[in-house]
> 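Encoded as structure tokens, here's the structure I'll be asking about.
Along the sequence shown, the residues carry numbers beginning at 1.
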Amino acid sequence: MLIGGVFSRRISKNVAGLPLWLWAIYFVVSVGAIFFYTSFWPEAPVIHPDSRGYMEVAQDLLDFRLDKEHLRPIGYPLLLMLTHSAYNPTRFLFIVQLMLYILSVGLLLTVVGKIRSLSKVTILAFMMLLFLPPFVAPASYVLTEHLSGFTLVLGTVGLLQWLETRRWFWLLLSLFGFIYAMLTHSIYAFLPPIVAVVLLAIRYAFPWVHLRWRETVLSSIALIGAWFLVSRIPLSDYLLGTMSSGALKTSLVTSLGASFSSKTLKVLERLPDEYAVVREILIEERNYDLIHGESHTAASYMNRAAKKVSEVTGLKGKELWEYIAKLNWILIRKAPLHFLQEVLATMTMFWIPAAAETALKGRAVLKALWSSIYLVVFIILWLQILVLGGATVLLKRGRFIALRRIPSFTEVKLRTLGYVISWSIISYVWFVSCVIGMGTVRYRQPVETLMVFACFLGFVMMREMTSLIRTETHKVREMRLGSERKEFH
């Protein structure tokens, strides 16, 4: 703190709201993180069972064309191709993913730096927390988590900066971030229109934000328009080859077929007799996975069963997963309450503290430490929602005069927008991943940086909103006492 104070006095110039000495610390910590994690994880990048699907697409992309339709979207395979990791993951891929995460932290700092209510020590704590192994660990895998997280942060920060500065550059960056997230994982297929709707809702739910109609409508139109173009119109025949507008649909169908199978495995016996052959295959593979599978839950039994179903039906690729999705819809209609129960259980599992195996290093002490950090963050997030939700209702119903004194754009507006948009993305990923996905830790990892971001914004909002309520309540009480005294005299 003493060194920081000396530097802050000597260097008065700020960059993106932060003093140069704090950016210098960010640079030093970033360089140190690269050297530390490259030695801490000498085996990185680690191949996951799901990595092969992305690597196959990257191999097909080596000539900058897709010669056949794939089940994986092209966002991550492009990164694999550019880092020469189409056949064997390179160390360069790990370093690039690490740098993308570091850049995500830097982007969030450009917003946090404008929150004057946050002390420099608090901002430093925010930065150091995000550099801990459990948050960085996904970079050590050949998976989409860190690329997805970077695109979500880029979209969020770009949107916040656009609403503040009204510079088109930030809006374009925001659009790129949210659209590339769609191309990275199918779970984000409907995120841009959701963010657009949230922006429109903020005008009503948070009147003190004073969002201008021009920026609000323009942002919403841009998000929905870009989403529509990417979803419906081929981006480039030269780049995408045969996978044009059907890429998103294919990826969604695959996700539905695989994830719904994990929620209907207990009611496979209810399939009609017209699917008797397939039903026996599915039951056999489910039972085998329950006994011999790694997790003994049969959650991923469909990975094996799909091959046998393909042999029996003659279906492959998208047609095969459409058929499997159809079977799941039949089971859901026959046992809707069971499906709802499975979804609710998955939504609970989404918040269970867990870190990537590379972050644990096989040590129980580290596992307990990382789990404790996650648990604290999650508890704080939900407590903040309860407090801030109640404070917002009181402020709206009380029609306090203080709300009308807030300028057109202040850090109050920036905090509120950052908090609400971040929580909207977190809630979207939570709900969608648990309904059409498996709701595992991997779905949560891309939004963990936004969770920490929302935590720190929520602290400031809780402090100032509760203070505002106390002040205004005191004023109302004084006014009532004054009127009662007048009536008495």
> Around atom CZ of Arg91, are there more than 12 heavy atoms from other residues, nucleotides or ligands closer than 6.0 Å?
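Enclosed.
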
> Quick check on side chain to side chain contact (heavy atoms under 4.5 Å, CB included): which of Ser148, Pro138, Ser104 does Pro446 satisfy it with?
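So, applying the side chain to side chain contact (heavy atoms under 4.5 Å, CB included) to Pro446 and each of Ser148, Pro138, Ser104, only Ser148 qualifies.
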
> As an exercise, state the distance from CG of Leu147 to CG of Leu183, rounded to the nearest 0.5 Å.
10.0 Å

> Could you tell me if the side chain of His146 sits less than 4.5 Å from the side chain of Leu100, heavy atoms only?
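SC-SC contact between Leu100 and His146 ruled out.
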
> Can we call the ring centroids of Phe178 and Tyr188 under 6.0 Å apart?
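For Phe178 and Tyr188, the ring centres are not under 6.0 Å apart.
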
> Please report the interatomic distance CG(Leu265) to CG(Leu282), rounded to the nearest 0.5 Å.
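So the CG of Leu265 and the CG of Leu282 are separated by 10.5 Å.
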
> Taking CE in Met99 as the centre, count heavy atoms belonging to other residues, nucleotides or ligands within less than 6.0 Å. Is the count above 12?
no

> Heavy atoms, side chains only, cut-off 4.5 Å: are Glu164 and Leu160 in contact?
no

> Identify the two heavy atoms, one from Leu159 and one from Val195, that lie closest to each other, and give their separation to 0.1 Å.
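Smallest interatomic distance, heavy atoms only, reads CD2-CG1, 3.7 Å.
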
> Checking the side chain of Asp289 only, and the main-chain atoms of Glu285 only, is there a donor and an acceptor separated by less than 3.5 Å?
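A pair under 3.5 Å: no.
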
> Determine whether Trp329 and Ile332 make a side-chain contact, defined as any pair of heavy atoms from C-beta on separated by less than 4.5 Å.
yes

> What heavy-atom pair brings Glu342 and Ser262 nearest, and what distance separates the two atoms?
OE1-O, 4.3 Å

> Roughly how far apart are Leu173 CG and Trp168 CH2, rounded to 0.5 Å?
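Separation between the atoms: 14.0 Å.
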
> Does CZ in Phe131 sit with more than 12 non-hydrogen atoms of other residues, nucleotides or ligands closer than 6.0 Å?
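Yes, CZ of Phe131 has more than 12 neighbouring heavy atoms, counting only those of other groups under 6.0 Å.
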
> Is the shortest heavy-atom distance from the side chain of Leu327 to the side chain of Tyr323 under 4.5 Å?
yes

> Do Phe190 and Val432 have side chains that get closer than 4.5 Å, going by heavy atoms?
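With C-beta onward as the side chain, the pair stays apart.
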
> For His185 and Tyr443, run side-chain contact (heavy atoms from CB on, under 4.5 Å): C-alpha distance rounded to whole Å, both residues' side-chain angles, the deciding distance at 0.1 Å, then the answer.
CA-CA 10 Å; His185 201 289; Tyr443 289 101; 3.9 Å; yes

> Check for a donor-acceptor pair, side chain of Ser140 on one end and backbone N or O of Pro45 on the other, with a separation under 3.5 Å.
no

> So, Tyr26 side chain and Ile102 main chain: donor-acceptor pair closer than 3.5 Å or not?
yes

> Checking Tyr428 side chain against Ile187 main chain: does a donor-acceptor pair fall under 3.5 Å?
yes

> May I ask you to decide if Leu331's main-chain N or O and Arg270's side chain share a donor-acceptor pair within less than 3.5 Å?
no

> How long is the gap from OG1 on Thr184 to CG on Leu143, to the nearest 0.5 Å?
12.5 Å

> What I'd like to find out is whether the side chain of Tyr76 reaches to under 4.5 Å of the side chain of Val142, using heavy atoms alone.
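Tyr76 vs Val142: side chains touch.
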
> If every non-hydrogen atom of Met81 is compared with every non-hydrogen atom of Leu61, which pair is closest and at what distance?
SD-O, 2.9 Å

> Counting N and O atoms only, with roles assigned by atom type, does the side chain of Asn328 sit under 3.5 Å from a partner on the main chain of Ile324, one being a donor and the other an acceptor?
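Between the backbone of Ile324 and the side chain of Asn328 there is a qualifying donor-acceptor contact (under 3.5 Å).
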
> Nearest 0.5 Å please: distance from the CE atom of Met55 over to the CD atom of Gln59.
6.5 Å

> In Å, rounded to the nearest 0.5 Å, how long is the span from CG of Leu80 to CD of Glu56?
11.5 Å

> Would the distance check show the side chain of Trp430 and the main-chain N or O of Met347 forming a donor-acceptor pair, the cut-off being under 3.5 Å?
yes

> Before you tell me yes or no, could you show the steps for Val153 and Tyr101 under side-chain contact (heavy atoms from CB on, under 4.5 Å), namely the whole-Å CA-CA distance, both residues' side-chain angles and the distance that decides it to 0.1 Å?
CA-CA 10 Å; Val153 170; Tyr101 180 76; over 6 Å; no

> Could you tell me if the side chain of Phe150 sits less than 4.5 Å from the side chain of Leu107, heavy atoms only?
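The answer is yes, as the side chains (C-beta and beyond) meet within the 4.5 Å cut-off.
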
> Can you name the closest pair of heavy atoms from Arg279 and Leu271 and give their distance?
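Closest approach of Arg279 to Leu271: NH1-O, 2.8 Å.
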
> Val447 and Ile425: which non-hydrogen atoms are nearest, and at how many Å?
CG1-CG2, 4.2 Å

> With a 4.5 Å limit on heavy-atom distance, are the side chains of Ile421 and Leu199 in contact?
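Yes, side chains in contact.
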
> Would you say Ser219 and Trp162 are linked by a side-chain donor-acceptor pair, where the criterion is simply a distance under 3.5 Å?
yes

> Ignoring hydrogens and angles, tell me if any N or O in the side chain of Tyr141 forms a donor-acceptor pair with the backbone of Ser51 under 3.5 Å.
no

> Only one of Arg444, Arg442, Gln445 passes side chain to side chain donor-acceptor pair (under 3.5 Å) with Glu145; say which it is.
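Of all the options given, the one that passes is Arg442.
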
> Sub-3.5 Å donor-acceptor pair from the side chain of Thr156 to the main-chain atoms of Ser422, do we have one?
no

> Checking Val452 against Thr449 for the side-chain contact (heavy atoms from CB on, under 4.5 Å) test, could you report, in this order, the C-alpha distance in whole Å, the side-chain angles of both residues, the deciding distance, and whether it holds?
CA-CA 5 Å; Val452 177; Thr449 49; 5.9 Å; no

> For Tyr54 and Asp50, work out which heavy atoms get closest and say how close.
CD1-O, 3.3 Å

> Strictly distance-based, threshold 3.5 Å: is any side-chain N or O of Ser220 a donor or acceptor partner for the main-chain N or O of Thr216?
yes

> Can you tell me how the ring of Phe36 sits relative to the ring of Phe40, calling it parallel under 30°, perpendicular over 60° and tilted otherwise?
parallel

